[in-house]
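We count ligands from 1, going down the list as the structure has it; atoms in each ligand are counted the same way.
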Amino acid sequence: MTDQRALVLLSGGQDSTTCLFWAIDHFGKNAVATLTFDYGQQHRIELDAARRIAAYAGVGNTILPIDTFAALGGNSLLDSSIPVPVSVGTDASGLPNTFVPGRNLVFLTYAAAYAWQRDIRHLVAGVAQTDYSGYPDCREETILALQRCLQLGMERNFRIHTPLMHRSKRETVQLAVSLGALGALGMSHSCYNGKRPPCGSCPACQLRAKGFAEAGIEDPLLTA
Ligand code: ZN
């Protein structure tokens, strides 16, 4: 039934990997496909992680190139001359320099366009407004407004699923364990410095470590 197929936005990170396993549990493996964006991120390791995780989970993966964000500049994930912040938190503007303005909006719009062509109605994204990195495009209000916009703009009854929206990092780890996603998390990548094994000190590593510590689970990435 085409109406019950789902497209997971898979970055190769912890949250989208957990969402992939949520989608497999919810829709069934044969109904799930994944989409990964090559948006010029410095750390190509993310793309490798996404490919490996999709293969491990037994679902298809498409990598879609978008080279516009790097051209816009001003971001530490895209520009090696801008240092990654050393701690979790925000600068004077209220947003960390790892924020890529419009990223989730564009990703979800491309994902919807990709899904539209394939008669897929369900989109799954690993955004969360609890324990998040301070990105306004991860908030539920933004996602609901965008869902409405995509429904109107493409005349398709899209549903954006955000299973992590109200989960803390601890709860996200617990969800991953219950879904049998730990093996895949060992292949996932979170570190803003592109290190494997992870640097352990950047905000992404800190947030990830906090979730695993609070859940009382050893991060399989650290023992991989
Ligand atoms: Zn790191």
Strictly by modelled atom types, are [X] and [Y] linked by a side-chain donor-acceptor pair under 3.5 Å?
{"X": "Glu140", "Y": "His166", "value": "yes"}
{"X": "Thr36", "Y": "Asn61", "value": "yes"}
{"X": "Ser188", "Y": "Thr17", "value": "no"}

Quiz item: How about the Zn ion (ligand 1), which protein N, O or S atoms come within less than 2.8 Å?
Solution: Cys191 SG, Cys199 SG, Cys202 SG, Cys205 SG

Self-check item: Verify same cluster id: Ile53, Leu221 (apolar side-chain graph, 4.5 Å)
Solution: no

Quiz item: Quick check: does any side chain N or O of Gln129 sit under 3.5 Å from a backbone N or O of Met165, one acting as donor and the other as acceptor?
Solution: no

Quiz item: Tell me the side-chain hydrogen bond (donor to acceptor under 3.5 Å, both in side chains) pairs involving residues 215-224, sequence neighbours left out?
Solution: Arg208-Asp219

